[in-house]
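So the structure is just underneath, and the comments pick up after that.
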Amino acid sequence: MLILFCDKFDASLPGKLSKYAETTDDMSCLGEADVLLVRSKTKCDKDLLGKAKKARLIIRGGVGLETIDVDYCKQKNIEVKNTPEASSAAVAELAMAFMIASCNQLIEAHNSTRDGKWLKSELKRTELLEKTLGIIGTGRIGQEVARRARAFGMRVIGYDKFMQTAANIEMMKSLDEVLRASDYITLHVPLEKDTKALINKDSIDKMRKGTVIINTARGEVVEEEAVIEALKSGKLGCYCADVFPKEPPENSPLLKTPNVILTPHIGSSSKENLLRIGEIVERQIAEFAKTHGDSLDSGKDAKMERVTNMYAGPGALPLEVLDKVREEIYNIRHAGMSILEISHRSKEYEAIHNEAIDKLKKLLGLGAEYRVLFLGGGASLQFAMLAMNFLPAGASADYIMTGHWSERALAEAQILGKVNIAATTEKDKKYTRIPKQEELKLDPKAVYCHYTTNNTIFGSQWHYTPNAGNVPLVADMSSDFLSRPIEVSPHAMIYAGAQKNAGPAGVTVVIMREDFLARARKDIPIILRYETHAKENSLYNTPPCFGIYTVSLVLDWIIKNGGLAGIQKRNEEKGRLLYGTIDKHADFYNAPVEKDSRSLMNVVFRLPSEALEEEFVNEGRKRKFIGLKGHRSVGGIRVSMYNAISPEQIEDITKFMEEFAQKKAK
């Protein structure tokens, strides 16, 4: 658990809190902080709270919560606490000091004496004895002021819209009664809609001539222009303020107005008060740590223990996405339920579902002629569904063979109808390149042409879009979907299992052009018809809700990182680092794929011996590089560097490769 001191507290407090959590005052740690400690300076608005991605508790050392967007905190499930009981004595004593200073003209007496003037008879002191003090806001601080004022022999009256009785205070039925009867008026109300400009021209007109106003509440409670006018006219005897609408009050006319006493928001800054605030904060942190600390600490430890996931799938997810999932896992969009348990018919889930579709369409530049479906069953089910829907008896489909998964797609289609192998780069049971356009032997009468854009096992990738003429082009983009900009328009259909770049396992994205969808067969089981799922917006049966929700978060991350163009640049940088290292040590690391067909998602290579490959995998695991072993059908090494793998992580593994090659090369 990390506690961030956004403002200054008592100097001993960080040490006291260290028993519960790590503490820091470095605002660059805002995104990692679980607890924010603030005073008046830091404004916890949507901008700041949006950056505080892990925050679970905000404690304000002081009275009132107007500096915190409490409603937004509720949306983010952030607890908000303050320390009103700590400041009562300090603020009450300042209010009394203002009264004593104003009635004794202490400021004028001090300044004139210091300037060599002896105004013993000119200064007109008055006494607090038997004067009436009106307290507006009779909570903790108001009652503390009343107790002290009574000791000076004052009559104490008060008004509070929420309180009928208060200790040591004669309660009035209306605010106007307090305004008319008081010699001194002290304000102790929070800043709310109905307290803003509570003291204005109309309310001042109701006061006695020479009334003294004391404001230790909030600057906005008083309309300063009306106060200045009343001071100049003599309607008010003095205005004492510790708070201002803008702090510090630079260029405020109050600074040059006579009969004012102004202090720099010191009401809750006494040494004793700071110690009391610290004690309360420590108690609140202890309670929070007892309730939440274990789960927060385990989350932090889990993040620290993360490895670099280089498995071919499921692939790594962005940490920002995992943090967001963790943040919302108990209560999604105020539904009171987790995304793991919410109904797919609820308005909360429907919004998430449609947002994910809209984001994907915007990211890919899809027009109205394309539909986006979220289905289950993975890409493997699409191998069969594609042929079931679009390969009728007597027709033929083209398949371009570039690896294991195109073979699997072909096998499903062969069960259902006639297929034409339009091209294959298989040689000696290996695929080391992508065919060129002129090698494709396409059937102009084919019902569709299928290809696999990236090959996870053999490490090759299409770097151009094949031209199928008037034949509908279908792409399995499972392992490089969203890794770069996509030429969508040549395709009638694109499908992709989400578990490489788009989200977790369990959801499959299908993008289909309306004119191709219209050709789909209607004599197959209802659940296996694309038309069924398109008509019901992928809600015909219960969809993989959690997977779709996570896809939506991943889309946010991609958009934030420059869209597909930004992601492509990131992936190309990783490719330069990794392939550069392989080529530099070509006598030790052998990459079988031809350079113009190399994949930026799955990099495969061999070492001089299987024994060295095993040692490489084991040594890599010690350095937290997991999943380096090549597919069992081909052996060797495979580094999968899907979108969430950072260039820094690839730089780390290339350093390891450099060291290993220098150490083991003969």
Side-chain angles (χ1 to χ4, degrees), residues 40 60 62-68 70 80-99 102 128 131-208 211-224 226-227 236 239-245 265 267-268 273 276 280:
S40 299
R60 178 169 185 263
V63 183
L65 298 172
E66 71 282 348
T67 59
I68 301 172
V70 176
V80 178
K81 296 180 180 293
N82 61 354
T83 62
E85 62 270 39
S87 304
S88 300
V91 178
E93 289 186 10
L94 180 62
M96 290 302 303
F98 277 138
M99 279 186 264
S102 62
L128 296 179
K131 298 296 190 300
T132 298
L133 171 64
I135 300 177
I136 301 175
T138 58
R140 286 188 182 91
I141 297 174
Q143 291 177 44
E144 287 294 321
V145 173
R147 189 159 65 90
R148 288 160 174 77
R150 282 189 175 276
F152 278 79
M154 300 183 77
R155 177 196 178 201
V156 181
I157 63 175
Y159 173 76
D160 193 308
K161 67 177 181 178
F162 296 113
M163 301 180 68
Q164 300 299 316
T165 61
N168 301 309
I169 301 174
E170 180 185 346
M171 297 299 290
M172 300 289 106
K173 293 181 180 180
S174 70
L175 175 62
D176 285 357
E177 289 182 79
V178 174
L179 298 176
R180 292 190 177 101
S182 301
D183 299 298
Y184 294 83
I185 293 175
T186 182
L187 305 170
H188 303 289
V189 294
L191 178 60
E192 298 173 342
K193 186 176 180 180
D194 60 349
T195 62
K196 188 172 183 179
L198 180 69
I199 303 301
N200 52 43
K201 186 179 185 306
D202 289 342
S203 56
I204 291 173
D205 286 344
K206 296 171 184 175
M207 297 178 190
R208 295 177 175 179
T211 298
V212 175
I213 298 176
I214 298 152
N215 185 9
T216 58
R218 294 292 179 261
E220 294 88 343
V221 171
V222 172
E223 191 177 85
E224 287 189 351
V227 167
L236 291 180
Y239 177 60
C240 307
D242 185 48
V243 289
F244 308 89
H265 206 143
S268 59
N273 181 54
R276 281 193 294 271
I280 296 169

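Quick caveat, the model's predicted, so the values are computed rather than measured.
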Taking everything shown except K196 itself, do over 12 heavy atoms lie less than 6.0 Å from its NZ?
-> no

Taking side chain as C-beta onward, heavy atoms only, is [X] less than 4.5 Å from [Y]?
{"X": "D160", "Y": "I169", "answer": "no"}
{"X": "Y184", "Y": "K131", "answer": "yes"}
{"X": "I204", "Y": "T211", "answer": "no"}
{"X": "V227", "Y": "L236", "answer": "yes"}
{"X": "T195", "Y": "R218", "answer": "no"}
{"X": "F98", "Y": "T186", "answer": "no"}
{"X": "I199", "Y": "M207", "answer": "yes"}
{"X": "S182", "Y": "I157", "answer": "yes"}

[X] [atom1] to [Y] [atom2] distance, which is reported to the nearest 0.5 Å:
{"X": "T165", "Y": "E170", "atom1": "OG1", "atom2": "CD", "value": "13.0 Å"}
{"X": "N168", "Y": "T138", "atom1": "CG", "atom2": "OG1", "value": "11.5 Å"}
{"X": "I280", "Y": "S87", "atom1": "CD1", "atom2": "OG", "value": "7.5 Å"}
{"X": "L94", "Y": "H265", "atom1": "CG", "atom2": "NE2", "value": "10.0 Å"}
{"X": "I185", "Y": "I135", "atom1": "CD1", "atom2": "CD1", "value": "11.5 Å"}
{"X": "R180", "Y": "S174", "atom1": "CZ", "atom2": "OG", "value": "7.0 Å"}

Salt bridge present between K201 and D205 (N-O < 4.0 angstrom) |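 Yes, charged N to carboxylate O under 4.0 Å.
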
Does E144 pair with R140 as a salt bridge, N-O distance under 4.0 Å?
->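 Salt bridge: no.
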
Under 3.5 Å side-chain donor-acceptor pair for R60 and S40 = yes

Is there a side chain to side chain contact (heavy atoms under 4.5 Å, CB included) between C240 and V212 once you walk through the steps?
-> CA-CA 8 Å; C240 307; V212 175; 4.2 Å; yes

Is it the case that the side chain of [X] and the backbone of [Y] share a donor-acceptor pair, with hydrogens and angles ignored and the cut-off at 3.5 Å?
{"X": "R155", "Y": "T132", "answer": "no"}
{"X": "N215", "Y": "L187", "answer": "no"}
{"X": "E66", "Y": "E192", "answer": "no"}

Please name the pair of heavy atoms, one in [X] and one in [Y], separated by the smallest distance, quoted to 0.1 Å.
{"X": "E177", "Y": "K173", "result": "OE2-N, 3.1 Å"}
{"X": "G142", "Y": "H188", "result": "CA-CD2, 4.1 Å"}
{"X": "G134", "Y": "V178", "result": "CA-CG1, 3.7 Å"}

